[in-house]
Amino acid sequence: MTNRNETLFEQAKQYVPGGVNSPVRAFGSVGGVPRFIRSAKGACVWDEDDRCYIDYIGSWGPAIVGHAHPEVVKAVAKVAESGLSFGAPTAGEIEIAQEIIKLVPSVEQVRLVSSGTEATMSAIRLARGFTGRDLIIKFEGCYHGHSDSLLVKAGSGMLTFGTPNSGGVPADFTKHTLVLPYNDNYALNEAFREYGNKIACVIVEPFAGNMNLVRPTADFMQLMRNLTQEYGAVLIFDEVMTGFRVALNGAQSIHNITPDLTTMGKVIGGGMPLAAFGGRAEIMAKISPLGDVYQAGTLSGNPVAVAAGLKTLELIQKDGFYENLSQRTLDLTQGWQALAEKHGIPMLADCVGGMFGIYFGLEKLPQNYGDMQKVDNDLFKRFFHAMLDAGVSLAPSPFEAGFVSAAHDDEYIQTTLERTDRVLAELAMSN
Ligand code: KE4
């Protein structure tokens, strides 16, 4: 029986590569037909067959106050009536810059862009321009958007430079990128011992979310800060996903570490195309038109996106917002853990603030990309589709984190757990 999602997917593939405008949406890791979303409200989304799902993708993080929040929609509509984009400075850009600087104390100056990829690409160029050095360090399993020097897999040896992990990226573009294992203090020490004064920056997800949720150890993060300080390298926290998600003041407030630059996105646009990079004023002073590091964007600081971001940043500062969000996310993951034990399904769950991970077939929480390679992808796939059929929408990949919003109240969490109970019971019988 074809349904409208299937019809639309076949139609989309005629015009759009893979039928999607971002690869993960094509359900490549889980198979089946992606749901074409017609509308969303609060904790729920509706597909083109009018089926309702409790949504834990949340547009991959931006929908933290819930979908189509009336105050956000109203703010966007109001500003849109005065024009969509001017290509000139606006007062709103000052306001949101002030809010970001207030909420992220390590940020003294900030530049707005339109995507997380732009933010990280620009931050790396800025670090190279500020230090006059070429080498960058990233970590296996961390994703920082799709700019060339970051589409790289680890070199053959621990301290050999990366090779492209995407078509169309010349080897030359990744030869300055060193890819180290996440949470590996020895590798980090060795890299700085070997290349210290040539390293422009280290870029890290301060809680990894792109190999599923993987926590860094405290001494790994502190070592990174100490070594970058000692060798004059720029420490970039890529908080595109963790910013305003794991805590109001981001992962850096949990680790109590001050990075030199921070990249942000997702939540700060509230679902509209808005991202940013910012940090120490002396580094930001190198960005054009002040300095010689070029960076630009037609829609940077777009007034409509800024309106959505400003209202979202206002709503997340309301009393109790993060206490409630963190508690509900903990209730969900602890409930999942208990149900997995009840049904004898090898599933672990973890969470930080409003972000969670679920892992099939592991005996303990993952520490790095290598651990994540041991997950039971087939069991995840079966769980994913059974949950989708039960009306719960999870990220369509075992390597993605999930997201809770303020609209996921106790009732939604309980309903999710009741549906999960039935799904795991069926999985247990078929296992
Ligand atoms: P965008 O260019 O997609 O706005 O941001 C890139 C990016 C940068 N840094 C981090 C830590 C990120 O998580 C992302 C993007 N995250 C993915 C989710 N895994 C976006 C979803 C997608 O690619 O469609």
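Source: prediction; values computed, not measured. Numbering of ligands and ligand atoms starts at 1, following listing order.
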Can you confirm, on distance only, whether ligand 1 has an N/O atom lying under 3.5 Å from any N/O atom belonging to [X]?
X	result
His146	no
Gly116	yes
Thr120	no

Tyr359 side chain to Leu213 backbone, donor-acceptor under 3.5 Å: yes
Glu95 (side chain) donor-acceptor with Ala307 (main chain) under 3.5 angstrom: no
Under-4.0 Å heavy-atom contact with ligand 1, by part of [X] that carries it:
X	answer
Thr117	both
Arg25	neither
His144	backbone

Atom 3 (O) of ligand 1: any protein heavy atom closer than 4.0 Å: no
Answer yes when [X] and [Y] have at least one side-chain N-carboxylate O distance shorter than 4.0 Å, and no when they do not.
X	Y	value
Asp260	Arg280	yes
Arg215	Asp350	yes
Asp409	Arg328	no

Quick check on contacts: which atoms of ligand 1 are under 4.0 angstrom from a heavy atom of [X]?
X	value
Gly145	6 (C), 7 (C), 8 (C)
Ser115	2 (O), 4 (O)
Glu400	18 (C), 19 (N)
Ser22	22 (C), 23 (O), 24 (O)
Glu205	11 (C)

For atom 16 (N) of ligand 1, the option (of Lys266, Met264, Met241) bearing the nearest heavy atom: Lys266
Option nearest atom 13 (O) of ligand 1 (shortest heavy-atom distance, choices Ile57, Val240, Val113, Asn210): Asn210
Cation-pi geometry met for Lys13 and Tyr15 (6.0 Å, 45°): no
Phe403-Phe356 aromatic ring centre distance below 6.0 Å: no
